[in-house]
Protein chains: 2
Amino acid sequence: MKEVQPVIDYISRYVDLTDAEKTHLATFLKITKVKKRQFIVQPGFVCKHKSYVVKGAFRGYLVDNEGKEHTLSFAIEDWWISDYSSLIYQEPATLFVEALEDSVLIQIEYEDEQKFLEEIPKLEKFERIITQRSLAFHQKRLLSNFTKTAEERYDEFMSKYSAIAKRVPQYALASYLGFSTEYLSKIRNRKTSKS
Amino acid sequence: MKEVQPVIDYISRYVDLTDAEKTHLATFLKITKVKKRQFIVQPGFVCKHKSYVVKGAFRGYLVDNEGKEHTLSFAIEDWWISDYSSLIYQEPATLFVEALEDSVLIQIEYEDEQKFLEEIPKLEKFERIITQRSLAFHQKRLLSNFTKTAEERYDEFMSKYSAIAKRVPQYALASYLGFSTEYLSKIRNRKTSKS
DNA sequence: GAATAAAAATGAACTGGTTTAGGAAATAAG
DNA sequence: CTTATTTCCTAAACCAGTTCATTTTTATTC
């Protein structure tokens with residue numbers, strides 16, 4: 001039971017759970033280990049769980065008609081990842097979610113979550129709050145993509161998420177920020193030659 | 001009490017409320033009328049309520065450093081609108097929310113909502129579900145902006161939301177889709193000369 | 001319903017970022 | 001350690017979408 005504690009702690013930041021509730025909740029949490037380059041979500045398959053990252057790094061991305069990759073999200077320790085749309089509508093995923101390192105996850109199955117949301121209504125509040133924050137984040141990202149240049153978005157990301165930038169391949173970062181790898185090189189070159 | 005019924009009905013699509021709960025909820029809902037070009041949210045002021053559109057049309061947009069406008073959202077009848085980030089964190093807004101027509105709203109104050117979420121926990125579920133859907137929508141929009149050309153995004157919008165396209169000024173639509181008014185003209189011209 | 005302001009169209013010059021194509025460095029695997 | 005594979009860098013040609021400047025059309029207002 002101890003190994004799923006990180007998720008119990010995570011939820012406890014938002015709502016107060018009794019010991020009984022914690023124990024009950026823990027029965028639904030499962031540890032999963034995945035190797036680098038392994039997929040935990042693939043297009044065409046319904047996303048069956050949400051995953052909390054205990055150790056490692058992940059990337060969620062779409063491959064478009066021309067075969068180009070577009071990164072929607074990253075996740076490192078203490079973050080969650082899934083194909084959100086596939087999960088909540090229980091329809092086939094459009095994203096790949098791939099381990100960028102050997103990783104350890106705590107997973108919650110969709111049906112189990114539905115079940116314990118009924119059993120412990122307090123968890124609705126937890127879900128609501130983290131979803132609201134994620135929504136606010138995505139709205140900001142959308143506006144940032146509209147208003148800022150490629151270089152400004154790069155600077156913003158580096159100052160906020162340098163921990164992630166250090167751990168993910170450069171093409172993944174470029175595709176998250178919405179421009180080509182080549183252009184990322186150009187930006188970085190511009191900076192190093194300046195200083 | 002009858003005039004706030006649309007919001008009661010809206011919520012009832014997601015959760016079952018008793019008559020007592022409906023009556024209680026109704027006491028927190030307020031009708032507001034606004035004229036075309038009037039702002040219901042302005043940068044610098046904390047967004048105090050979420051608004052359901054009974055009649056009319058709205059646009060939420062950001063004005064960047066160069067004075068350019070970027071539309072984050074539209075709302076017509078049976079939609080909600082606010083500066084979401086400002087509302088949930090109760091911090092100064094960054095968006096303008098402006099009436100595009102003479103309109104009628106049903107508004108819920110932030111503090112009142114916090115209160116009745118405590119009193120009627122069922123509403124947490126309602127909030128969770130609509131927030132989840134909005135998040136899924138925004139994720140799709142982000143990816144659409146990455147993967148599709150300006151013309152493809154225009155076509156997609158026209159096929160899904162022609163009702164909105166008909167009611168909002170062209171510069172507002174262009175700034176929602178993420179390109180210039182001039183380019184929208186060019187796209188439209190390309191289409192009419194083809195057919 | 002004339003006057004004025006706001007919105008939409010047009011076209012030419014321009015630019016931020018892409019594409020293509022190649023080579024250099026770093027990682028992974030036997 | 002050596003080879004293969006993946007990742008990263010560079011540079012020139014290119015293009016989707018912008019900018020700027022002007023005109024036409026459509027709403028608003030008195």
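In what follows, every chain begins at residue 1, and chains take the letters A, B, ... in the order their sequences are listed. These numbers were taken from a predicted model, which means no experiment stands behind them.
Contacts between residues 160-170 of chain B and DNA chain D, defined by a heavy-atom separation below 4.0 Å, involve no residue at all.
The separation between B:Ile187 atom CD1 and C:dT10 atom P is 14 Å, rounded to whole Å. What separates CG of A:Leu177 from P of C:dG16 is a distance of 18 Å, to the nearest Å. The separation between B:Asn145 atom CG and C:dG17 atom P is 15 Å, rounded to whole Å. One can place CZ of B:Phe146 at 11 Å from P of C:dT18, the figure rounded to the nearest angstrom. Taking atom CD of A:Glu66 as the reference point, atom C1' of C:dT20 lies 15 Å away to the nearest angstrom. Between the C1' atom of D:dC9 and the CZ atom of A:Arg188 lies a distance of 12 Å, rounded to the nearest Å. Here the P atom of nucleotide C:dA8 and the OH atom of B:Tyr154 are 12 Å apart, to the nearest Å.
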| said: side-chain contact (heavy atoms from CB on, under 4.5 Å), that's the test. Do B:Lys36 and B:Ser103 meet it? Break it down for me. | reply: CA-CA 7 Å; B:Lys36 184 169 178 174; B:Ser103 305; over 6 Å; no
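For the salt bridge (charged side-chain N to carboxylate O under 4.0 Å, His left out) condition, the pairs that include at least one residue of residues 152-162 of chain B, sequence neighbours left out, are B:Lys148-B:Glu156, B:Asp155-B:Lys191, B:Glu156-B:Lys160. Screening residues 125-151 of chain B for ring pair (Phe, Tyr, Trp, His ring centres under 6.0 Å), with sequence neighbours left out, gives B:Tyr14-B:Phe126. Here salt bridge (charged side-chain N to carboxylate O under 4.0 Å, His left out) pairs that include residues 132-145 of chain A, with residues two or more places apart or in two chains, number zero. Annotation: ring pair (Phe, Tyr, Trp, His ring centres under 6.0 Å) contacts involving residues 103-122 of chain A, sequence neighbours excluded, comprise A:Phe28-A:Phe116.
Judged as a side-chain hydrogen bond (donor to acceptor under 3.5 Å, both in side chains), and not counting sequence neighbours, the contacts of B:Tyr84 are A:Gln132. Considering only residues two or more places apart in sequence or on other chains, B:Asp64 meets the salt bridge (Lys or Arg N to Asp or Glu O under 4.0 Å) condition with none of them. In this structure B:Lys122 satisfies the side-chain hydrogen bond (donor to acceptor under 3.5 Å, both in side chains) test together with B:Glu21, sequence neighbours excluded. A search for ring-ring contact (aromatic ring centres under 6.0 Å, His included) contacts involving A:Tyr154 returns nothing, not counting sequence neighbours.
Ion pairing between B:Glu127 and B:Lys50 holds under the 4.0 Å rule for side-chain N and carboxylate O. For A:Glu111 and A:Lys48, the salt-bridge test fails: no basic side-chain N is under 4.0 Å from an acidic carboxylate O.
Checking B:Tyr61 against B:Glu98 by side-chain atom types alone, a donor-acceptor pair falls below 3.5 Å.
The aromatic rings of A:Tyr161 and A:Trp79 sit perpendicular to each other, their planes meeting at more than 60°, with 30° as the lower class boundary.
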Can you check nucleotides 24-28 of chain C for protein contacts, nitrogen or oxygen pairs under 3.5 Å, and list what you find?
unit_1, atom_1, unit_2, atom_2, d
C:dA28, OP1, A:Lys36, NZ, 3.0

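Fit an axis to the five pairs at each end of the helix from C:dG1-D:dC30 to C:dG30-D:dC1 and the two axes sit 60° apart, to the nearest 10 degrees.
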Counting primed atoms, P, OP1 and OP2 as sugar-phosphate and everything else as base, the B/S/- map of nucleotides 11-26 of chain D against protein heavy atoms under 4.0 Å is B----SBBBB------
